[in-house]
Amino acid sequence: MVSTDQKTDVKEKEADCPVVVAVTSHAVFESGGAQDPDGLYVGGIAFPLLQALQKVNERLLKENPAESLLFDVILITTESQQQQQSSRITESIRHHGLKVSRFCFSNEEDFMENLLNNNVHLFLTTNRNEALQGSQKGVLSVLLDEHTASCPTEQLRVLFCGDAVVQSEAGPALASKQAAQSFSAQIGKMRGRFGPFDSPISIALVTSRGGRESCGDALRTLRSLGVNADEAYCLAGAPRGPIKRLLQPHFLLSECFSSN
Amino acid sequence: MVKMSLEPVQVMSGQVAELKVAPSSNGDSAGSWEGKREFDKDHLGLTAKPKPVTGRRARKVEGAVFFPKPENAVTVAVSSRVLFRTEREQKVFEQKGVEEYLRYQIEHENEPFAPGPAFPFVKALEAVNARLRELYPESEELFDIVLVTYNHAHVGIRLINTINHHNLFIERFCMTGGSSPIGYLKAWQTNLYLSADANKVREALTEGIAAATMFMPEKMTEVSESQLRVAFDGDAVLFSDESERIFKAHGLDKFFEHEKENEDRLLDHGPLKGFLEALGKLQKKFYAKGQRLDCPIRTYLVTARSAASSGIRALKTLRAWGLEIDEALFLAGAPKGPMLEKIRPHIYFDDQMFHVEGAAEMGTIAAHVPYGIAQKHNSKHNTSAGK
């Protein structure tokens, strides 16, 4: 992968730590706790995303078996009903072939503590309140919706929104600029482990309102964070819907570019 | 045997009146053949007096539309390889691979690319936009030029720098990092797609998007900076290839016979019909403001058909479609190069590489439409003599 400065790459390799991703059980499993004939929970909205994260890890380790910059997935369960079924949860996870390093059972008041204690870099949930709470505490929180469910499993697709247009519906992650930037840098570094083609991560940039200068600025901002975008779309007011449908991002990030 | 005149017949609308078709048969507006008769006789292939180019276009025009909605605009998508000259970079890609290519691009990020074959065409589209904005400041019926490239976004900054350098008005672009741009072309309701890659063009044509492959000619003759000129071949470009099939399968006589028998049956439409239609719509906006003589868009039909025979069906078809073409040149098989050199179009669409190459040799910017029966034959040995 092309990097503009190869020297820092070598130095930074030593400092890589895992990217901790926390996901709630109601995002991983079908809502309502639906079970299959074997009594295991059925996969839900976050499923393809987790599979894509896993794919990235597999490929990273293939490139370098000693790789430390990996996704570390922890599962957070707040629903008391599910907590009583803790073995069912772990069984279901194992059955679906997902690799979860830690299971956290907490009540709704404490789950934020859990996030912070576990040094979570990315929090995935289908619950708007939880997402808001997470972002208020400075954790990059992504609200997943049904679109996420139809995203590919073979490639993690990250979409940066270059002119910080925050949608009202489930969309861009809510967070502090810092959390977004450091996560983006990690993603950028991961992307850098692979070549231009056949990468398990794909990074796209979309600017919605401004013209080419705003897209150019956004590309430069990303580059300064160590993120080299694969794809770039400057819409200049053209409708976003069709583009988003074609890109199929697992999640959107916009806070890197906001002015606060 | 039909006598083929050596002089290519240049048919102005005035002569078309011989067809004896009722003036309002196509139900079109007042701006039809009769009105054009007087106009065209005096302007035999010469430009209307060119308006001086007004230097750097003022970007802040009061109330004017800069980002038209795709459904209202005439969207022209161009790839980076036809808008600019990227031969050196292509060579790096082919000889040293993609990583070296991307590295090279980033290293040379601040060096703008030189203009490519589609550049004059794009400049002319912008000139038309400037005139449209003057007359209709609130309208979104403008040309919308979108850069669509398979390139990785790494090349994005260099492309933006280049657009800035040449003061082009391109605010929308798509860099797909290797995947097919067809979905985006459709999402943006693209009216015309120009690329250097025939495969991508073919893909677009299959999806119903007008598209053509462009090549860098050895020399590019100077074209007007104030009047957009677009020239089209007839069969397999504006019209379907049905007649060409007859010609290829059964020869010239059968072709003439077939055309005569079917004179009143409309030809089916070809891939570029929609684009001609879009141009016509914009032309009418100028006519509506009394700018017919000064219209910055001019269209040409350059066909190997003959005026007196097979050409009739072509004209009748255009008429029935409600499409006006400013000049129809029936070459009766004569080479197109010299005529195109006189016209100096910003782009000429033809389905046969033989004609595209012939035009390019004389400095005309020609684009290949890989559609129809002609693609199955060896281009170099193909002539469409005496249609």
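Chain letters run A, B, ... following the sequence lines, proteins first and then strands; every chain starts at 1. As a basis for the values below, the full set of heavy atoms in this structure was taken, side chains included, without hydrogen atoms, waters or symmetry mates.
- When all heavy atoms of Thr176(B) and Tyr233(A) are compared, the pair lying nearest together is CA-OH, 3.6 Å.
- Shown here for Arg220(A) and Asn161(B), the closest heavy-atom pair between the two residues is NH2-OD1, 3.6 Å.
- Salt-bridge formation is not detected for the pair Glu171(B)/Arg209(A): no Lys NZ or Arg NE/NH1/NH2 atom is positioned less than 4.0 Å from an Asp or Glu carboxylate oxygen.
- Residue Ala187(B) comes nearest to Pro242(A) through the heavy atom pair CB-CB, 3.4 Å, listed as atom of the first residue, atom of the second, then distance.
- Asp144(B) does not touch chain A: none of its heavy atoms, backbone or side chain, sits under 4.5 Å away.
- Atom CG of residue Leu219(A) and atom NE2 of residue His154(B) lie 10.0 Å apart, to the nearest 0.5 angstrom.
- In this structure, no portion of Gln189(B) lies under 4.5 Å from any heavy atom of chain A.
- Taking a 6.0 Å sphere around NE2 of His269(B), one finds it holds 12 or fewer heavy atoms contributed by other residues, nucleotides or ligands.
- If you measure heavy-atom distances from Ile163(B) to chain A, the contacts under 4.5 Å come from both the backbone and the side chain.
- The CG atom of Asp230(A) sits 12.0 Å away from the CG atom of Asn151(B) when rounded to the nearest 0.5 Å.
- Listed options Ala238(A), Ala204(A), Cys234(A) were ranked by heavy-atom pairs under 4.5 angstrom with chain B; first place goes to Cys234(A).
- The environment of OH in Tyr150(B) is crowded: more than 12 heavy-atom neighbours from other residues, nucleotides or ligands sit within 6.0 Å.
- Surrounding CD of Glu213(A) are more than 12 heavy atoms belonging to other residues, nucleotides or ligands, all under 6.0 Å away.
- Remark: Glu99(B) CD to Phe197(A) CZ distance equals 9.5 Å, nearest 0.5 Å.
- Rounded to the nearest 0.5 Å, atoms CG (Leu246(A)) and OG (Ser179(B)) are 9.5 Å apart.
- Between Pro196(A) and Leu102(B), the shortest heavy-atom distance links the atoms CG-CD1, 3.7 Å.
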(message) Between Asn164(B) and Arg212(A), is the side chain to side chain contact (heavy atoms under 4.5 Å, CB included) condition met? List the steps.
(response) CA-CA 9 Å; Asn164(B) 288 343; Arg212(A) 62 177 186 269; 2.7 Å; yes

(request) Test side chain to side chain contact (heavy atoms under 4.5 Å, CB included) on Leu235(A) and Trp188(B) and set out the steps. (result) CA-CA 10 Å; Leu235(A) 301 184; Trp188(B) 280 347; 3.3 Å; yes

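- Listed here is the closest heavy atom pair of Glu109(B) and Arg223(A): OE2-NH2, 2.7 Å.
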